[in-house]
Amino acid sequence: MAANGDGKKNIVIIGGGIIGCTSAYFLTRHHQYNPEKHKITLLEASQIAGGASGKAGGLLGLWAYPSSIVPLSYKLHKELSDEHGGEERWGYRAVHCGQVDCVGRHITGGGATVAGKEDRPTTGENGDLDGKDSHVSLQKRSKQALSKLRAAGVPADLDWLDPEGLKYYDEMGDPSTTAQVHPYQFTTSMAELAKEKGVDIRTNAAVKSIKYTSDGEGVAGVVYEDKQTGQQETLEASDIVLAAGPWTQRIMPSAPIAAMRAHSVTIRPSRPVSAYALFTEIKLPKDFARTNEVNRGKASKTTKAGRGEQIVAPEIYARPKNEVYACGDGDRLVPLPASSDLVAVDESRCQDIVDYVSSISDELKHGEVTARQACYLPSVNAAGTGGPLIGHTGVKGLVLAAGHTCWGIQNGPGTGKLVSEFVFDGQAKSAKTMGLDPRIVL
């Protein structure tokens with residue numbers, strides 16, 4: 001359905017992740033937006049932030065990619081936080097980011113416990129662990145231990161890694177170039193702010209197809225199923241924003257968007273830890289065993305240093321309010337399910353992550369695991385592009401915004417602002433996006 005001559009638009013956004021929600025937000029903030037003329041509907045097959053946008057790490061960096069939109073999006077993150085109280089509302093804060101090389105230790109006495117368990121070690125007044133392992137934490141805070149950290153170039157406040165095992169620290173970003181948000185809180189806040197400006201958000205609305213005009217040159221509407229009633233509905237549309245992440249290809253088969261599963265955990269550490277995002281490389285000892293198991297079974301990599309030694313590389317992000325997020329490698333063992341609420345979680349992969357980070361940190365080892373989760377990350381499976389696909393598709397009224405890999409949260413605001421420009425202005429104004437043009441690969 002083409003826009004009427006009086007400027008009316010029916011805009012339908014497909015996808016309730018970070019890209020769909022920031023698109024909704026910035027569409028309502030565009031200077032041309034008029035709720036009397038412009039109807040915006042967001043359709044989400046499960047719940048807002050039900051996929052990667054609710055389970056990602058939330059790291060923001062001026063050193064991320066693609067360079068064409070990173071500076072814009074990083075700046076918008078700060079502006080959004082300042083305008084809407086993001087520090088409290090979605091955990092926005094500046095952080096340090098570093099690469100660390102460590103030697104892990106065998107886990108004795110078990111790893112991090114499940115939230116709610118009563119066997120979590122108690123802490124004394126100085127944050128030191130009571131019981132058998134108390135000497136470990138005391139040693140960490142000794143002058144000798146801290147001097148080892150400083151000798152390795154480790155900042156003084158990064159005191160929650162084992163000083164004996166930490167071999168190298170390299171600063172990748174500081175608080176002037178690196179920040180973070182809580183992805184679920186940020187995404188749902190964007191949805192709420194868009195809704196306040198008139199966006200109709202419909203969850204449990206599984207899109208089945210896009211309707212095109214009779215000549216096939218433009219969009220006419222969207223067909224979706226209400227998963228609660230089982231009824232099919234059709235929405236007329238003058239403009240469609242396809243932002244379905246890894247599910248994009250299900251709706252638009254020509255879009256080269258692939259999916260990779262990623263597992264992660266969140267841990268409440270035994271004491272509050274300083275604000276660092278860490279990319280690790282951990283050399284595990286021979287016969288490193290998963291908690292309560294004799295052998296780990298599947299090594300990530302066997303090195304020349306000795307048979308049975310493994311090199312693993314979990315990412316660890318300290319968050320506000322005493323939470324730590326950690327994630328591991330991705331996999332493509334399980335096909336993408338129909339919607340985000342059907343994603344299968346491999347408990348053993350989550351336990352791997354818990355054990356890896358426990359091998360280098362007592363605060364994590366003696367903490368509580370508060371979530372074990374999985375999601376699918378979308379990527380562009382085609383040559384010739386420099387990142388996600390953002391922009392016009394060659395079909396009038398159809399804008400694509402997908403394929404953001406692990407940088408979807410970082411690049412969400414920039415993408416949303418660009419989408420609003422493509423819809424209302426017909427072209428990108430805030431950044432040069434030629435290398436991200438979907439028509440390169442469609």
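No experiment lies behind these values; they were computed from the predicted model shown.
- Residues Tyr317 and His182 place their aromatic rings such that the two centres sit no closer than 6.0 Å.
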Residue pair His30, Tyr25: steps toward the ring-ring contact (aromatic ring centres under 6.0 Å, His included) verdict: CA-CA 9 Å; His30 193 280; Tyr25 173 91; over 10 Å; no

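- Salt-bridge formation is detected for the pair Arg89/Glu192: a Lys NZ or Arg NE/NH1/NH2 atom is positioned less than 4.0 Å from an Asp or Glu carboxylate oxygen.
- A donor and an acceptor atom, one from each side chain of Glu44 and Ser46, are located under 3.5 Å apart.
- For the residue pair Glu421/Ser430, the side-chain donor-acceptor check at 3.5 Å is satisfied.
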Derivation of the ring-ring contact (aromatic ring centres under 6.0 Å, His included) call for Phe186 and His77: CA-CA 10 Å; Phe186 179 59; His77 267 291; 5.0 Å; yes

Derivation of the ring-ring contact (aromatic ring centres under 6.0 Å, His included) call for Phe424 and His38: CA-CA 10 Å; Phe424 281 118; His38 306 132; 5.0 Å; yes

side-chain contact (heavy atoms from CB on, under 4.5 Å) assessment of Tyr224 paired with Leu235: CA-CA 8 Å; Tyr224 73 94; Leu235 280 178; 4.0 Å; yes

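- Looking at Met260 and Asp331, their side chains never come closer than 4.5 Å, going by heavy atoms from C-beta outward.
- A heavy-atom distance below 4.5 Å is not found between the side chains of Trp247 and Val207.
- A salt bridge is defined here as a Lys NZ or Arg NE, NH1 or NH2 lying under 4.0 Å from an Asp or Glu carboxylate O, and Glu225 with Lys208 meets this definition.
- Counting non-hydrogen atoms of other residues, nucleotides and ligands closer than 6.0 Å to OH of Tyr184 gives a total of 12 or fewer.
- Heavy-atom contacts from other residues, nucleotides or ligands closer than 6.0 Å to CD of Gln232 number more than 12.
- To the nearest 0.5 Å, atoms OG (Ser73) and CG (Leu60) are separated by 8.0 Å.
- In this structure the side chain of Asn411 reaches within 4.5 angstrom of the side chain of Pro66, judged on heavy atoms.
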side-chain contact (heavy atoms from CB on, under 4.5 Å) assessment of Leu436 paired with Ser68: CA-CA 9 Å; Leu436 311 180; Ser68 56; 3.7 Å; yes

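- Counting non-hydrogen atoms of neighbouring residues, nucleotides and ligands closer than 6.0 angstrom, the NZ atom of Lys211 reaches no more than 12 such neighbours.
- Looking only at side-chain heavy atoms (C-beta outward), Leu377 and His404 stay at 4.5 Å or farther from each other.
- Taking 4.0 Å as the cut-off between side-chain N and carboxylate O, Asp159 and Arg271 count as a salt-bridged pair.
- How far NE2 of His96 is from OG1 of Thr178: 9.0 Å, rounded to the nearest 0.5 Å.
- Rounded to the nearest 0.5 Å, atoms CZ (Arg261) and CG (Asp346) are 5.5 Å apart.
- Between Tyr356 and Phe288, the ring-plane angle classifies as tilted under the 30° and 60° cut-offs.
- Thr393 places a side-chain N or O within 3.5 Å of a backbone atom of Val395 that can act as its donor or acceptor partner.
- Taking 4.0 Å as the cut-off between side-chain N and carboxylate O, Arg105 and Asp362 count as a salt-bridged pair.
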side-chain contact (heavy atoms from CB on, under 4.5 Å) between Val181 and Arg93, intermediate numbers included: CA-CA 7 Å; Val181 296; Arg93 68 176 179 181; over 6 Å; no

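- When all heavy atoms of Tyr33 and Gly198 are compared, the closest pair comes out as OH-CA, 4.1 Å.
- For the side chain to side chain contact (heavy atoms under 4.5 Å, CB included) test with Ile13, the passing option among Val419, Leu27, Val199, Asp239 is Leu27; the others fail.
- Look at Lys321 and Glu88 and you find a salt bridge, because one of the NZ, NE, NH1 or NH2 atoms lies within 4.0 Å of a carboxylate O, short of that distance.
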side-chain contact (heavy atoms from CB on, under 4.5 Å) between Ile360 and Leu166, worked out: CA-CA 8 Å; Ile360 62 171; Leu166 182 52; over 6 Å; no

